[in-house]
Amino acid sequence: MPVEPNSVTDVHDGLRATGYLPGESTALVSYLAAKLGKPILVEGPAGVGKTELAKALAKYLGRELVRLQCYEGLDEAKALYEWNYRKQLLRIQAERQGTGWDDVQDDIFGEEFLLSRPLMQAIASEQPVVLLIDEIDKTDQEFEAMLLEVLSDFQISIPELGTVKSKSHPVVLLTSNNTRELTEALKRRCLYLWLDYPELEHELEIVRLHTPDLPEAVGRKLVEVVAMVRDLDLKKPPSIAESIDWARALLLLGAQDIDTKMFNDTISVIVKHRTDLDIVTERVGVKLNAPASS
Amino acid sequence: MPPLPHKNARRAGVHGASKLERPGMAGRLLEFGEELRGEGVAIGTSELLDAFAALQHVPWTEQVDFREALAATLAKSQDDRRVFELVFDRFFFRAVELAAIEEGVREEGGISPDEAGAMDMEELRRQVAAAVRDGNQALMRDLARLAIAAFGRQGEGSGVIGVDVQRIRRSLALRADAQPDLPPEDPRRDGLPREEIRRFEAMLRQELERGQIERTEQLSPARPLNELDRALPSGPLQDLAAVHRVVAQLKRRLKTQGNEQRGQKRHAAVDMRKTMRASLEFGGVPAVIKEKPIRPRRPEIYVLCDVSTSVTSASVFFLSVLHALHDSFRKMRSFVFIERISEVTEIFAKERDFKAVSEAIGRDSGVADISGYTDYGRVWTEFRELVEDDLHPRATVIVLGDARTNGRDPRADIFAKISAKAGRTFWLNPEPRLYWNYGDSVISAYEQYCDAYECWTTQQLEDFVKALTQPIRR
């Protein structure tokens with residue numbers, strides 16, 4: 001059932017109800033995006049819940065999530081639409097004799113032969129959707145330029161068919177890991193939201209939400225250790241998802257405390273590089289208590 | 001070196017100074033936008049319109065919401081956001097104070113120094129510490145005023161706000177580390193959160209500034225923010241982590257660079273041969289189109305890195321840049337030099353870890369001969385012997401060094417020959433342009449044969465990477 005938010009608190013509570021704990025500005029910016037019909041550009045390090053936010057928003061607003069995963073060399077054919085070449089070819093083959101060219105031409109460039117890709121789907125959908133354009137920084141600048149028309153007017157021009165206008169206003173989220181500077185023109189059209197690793201208390205709350213059975217003391221220690229690990233110079237600092245995974249692992253093992261042994265046994269859940277492992281055991285592992293004498 | 005003013009900097013602090021009053025909230029916001037532009041944040045009319053639109057949905061009486069709504073519409077990157085925070089505090093704080101002066105409002109009910117003398121100092125210390133520990137903003141603000149009254153000896157401060165803040169903080173004994181000799185119920189015993197202490201300091205600063213404005217009945221001139229500290233970390237090894245963060249960013253950018261900026265050729269071309277072969281399956285109808293794979297352009301790179309003492313601070317940085325480049329370009333040969341040159345490509349290929357690489361280079365390369373001073377003339381000669389046959393117009397040569405010859409012959413003629421054989425030649429100089437060609441720096445002799453870049457901030461490094469990955473036009 002589609003929901004129309006009426007205040008920032010609505011969005012805040014709504015996101016919470018879906019199991020996503022929004023930070024200070026997250027709820028506000030999401031609310032503004034829904035109200036103003038502007039895309040949100042979400043930036044931040046990997047694993048702070050950028051994609052998760054889109055999923056939670058879709059769930060809260062009761063809309064379908066359309067996702068476009070960007071990658072190097074993504075082009076219009078993969079993102080917008082493509083003519084179904086084979087179908088067109090069969091059509092021509094099937095009616096080789098007797099039909100004039102004009103008939104065929106009208107015929108094969110109809111909507112029947114159009115393969116719609118994520119952006120097209122989001123625009124043409126009868127019901128309003130949430131459109132997630134993930135890792136926009138991986139694409140090239142030309143693709144960004146093409147997005148401009150979609151993002152500001154919510155329409156797509158197809159030379160053979162004309163302009164497809166959106167029937168409903170999608171909520172658009174673009175995520176970026178900041179691997180390259182996005183163009184000014186794109187930024188100009190977006191609301192900006194920076195997501196960072198959550199503060200200690202906030203992360204504790206998130207972990208508790210996902211593993212309610214974990215003892216309080218263990219949860220607190222866990223987020224403290226994760227914060228310490230993130231402060232180190234690592235190749236890949238642990239994400240929120242990995243904190244949750246670790247909490248689940250500790251719960252399964254029935255841990256009552258994170259001591260050196262437990263830490264060394266389970267550290268591979270949050271640290272995933274050999275060199276990182278060495279650094280972490282060296283710098284963080286020693287700060288923990290030795291296991292209680294068995 | 002004094003920071004150069006921003007290219008398009010307008011004068012900051014327009015409000016208050018000028019009498020061009022635009023009435024109401026809209027006027028204030030426009031002035032705020034103008035102030036942000038003055039600090040180099042690119043704000044167009046569309047951003048301001050967005051801000052106004054956003055404020056219609058957010059109660060402007062909620063300070064956090066108001067601020068976040070403005071930030072989301074006006075500041076479009078993390079750097080901008082940092083500037084935004086600073087300007088926001090400065091602007092709205094000053095706007096309030098200016099109005100107070102114009103209206104002739106003075107604050108009543110402050111605590112007089114006599115009264116403050118009678119207060120229990122130890123109790124105040126404890127209360128402040130408790131507020132800081134709990135992060136109670138409202139209480140912290142009240143206590144900041146109290147502390148200024150008690151310790152600041154209002155009216156006879158040093159006149160420099162920063163000094164006063166530090167003095168008060170010291171007398172309050174706010175420390176982030178644990179103080180185990182205090183009694184167990186004292187909140188300072190286990191140390192206080194660093195973040196909250198910083199916030200308390202900011203409040204002290206603001207209160208002191210307010211006091212100063214009230215005393216003198218005028219606003220101190222608005223200072224433009226300092227050129228934010230974006231210089232590359234040049235200190236010794238403790239900054240290594242900072243260098244790595246910069247380089248990690250660079251690395252990710254390089255990975256995506258190959259496919260960018262190639263204009264028309266981005267689209268795949270049809271591979272006729274493969275398409276015909278695939279069509280056999282469908283009785284000669286080309287039902288499946290086979291395309292030629294797109295290959296990103298990866299230039300062939302030769303890097304020469306100065307590791308002598310005059311660039312010690314920079315060479316840590318340069319070596320890590322070299323390390324990052326190695327991950328991203330497969331056809332790359334690296335050399336280090338001081339008096340002689342030595343190829344270190346293999347070391348980079350063998351060792352994935354940066355620390356091991358720098359140790360191995362220090363141990364094995366043996367580039368310092370006798371004096372330990374750079375000898376560019378000899379380096380060019382040796383480099384040319386090493387790679388002469390391999391250089392070709394698609395190759396790129398990058399030199400990382402300060403071009404300080406220690407009085408020796410620069411041999412720019414050999415350098416010219418190298419640069420003529422290679423497609424492009426870049427020079428990255430870790431010194432600011434201001435110091436070029438002073439003393440024994442001979443960069444101008446080389447500059448005519450290559451593109452010289454100064455490279456002492458991350459921004460400059462990024463500019464260089466952009467230039468490096470652009471297609472060769474010749």
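All values below were derived from every heavy atom in this structure, side-chain atoms included, with hydrogens, water molecules and symmetry-related copies excluded. In the text below, chain A, chain B and the rest are named by the order of the sequence lines, each starting its count at 1.
For the pair Trp194(A) and Arg81(B), the minimum side-chain heavy-atom distance is 4.5 Å or more.
Most heavy-atom pairs under 4.5 Å with chain B, from the set Lys187(A), Arg188(A), Gln88(A), Lys38(A): that is Arg188(A). Of the listed residues (Lys76(B), Arg67(B), Glu68(B)), the one with the most heavy-atom contacts under 4.5 Å to chain A is Lys76(B). Each of Ile40(A), Leu32(A), Leu193(A) has some count of heavy-atom pairs under 4.5 Å with chain B, and the biggest count is that of Leu32(A). Across Val288(B), Ile43(B), Asp50(B), the residue that shares the most heavy-atom pairs under 4.5 angstrom with chain A is Asp50(B).
Minimum interatomic distance between Val29(A) and Ala72(B) (heavy atoms only, all atoms of both residues): CG2-CB, 3.8 Å.
To the nearest 0.5 Å, the span separating OH on Tyr192(A) from CG on Leu74(B) amounts to 13.5 Å. Atom CG in Leu36(A) sits 11.5 Å away from atom CG in Leu49(B) (nearest 0.5 Å).
More than 12 heavy atoms of other residues, nucleotides or ligands shown are found within 6.0 angstrom of NZ on Lys35(A). Within 6.0 Å of atom CD in Glu149(A), more than 12 heavy atoms from other residues, nucleotides or ligands are found, so the atom counts as buried in its surroundings. Within 6.0 Å of CE on Met276(B) lie no more than 12 heavy atoms contributed by other residues, nucleotides or ligands. Counting non-hydrogen atoms of other residues, nucleotides and ligands closer than 6.0 Å to NZ of Lys274(B) gives a total of 12 or fewer.
The contact between Ala42(B) and chain A is made by backbone and side chain atoms together, counting heavy-atom distances below 4.5 Å.
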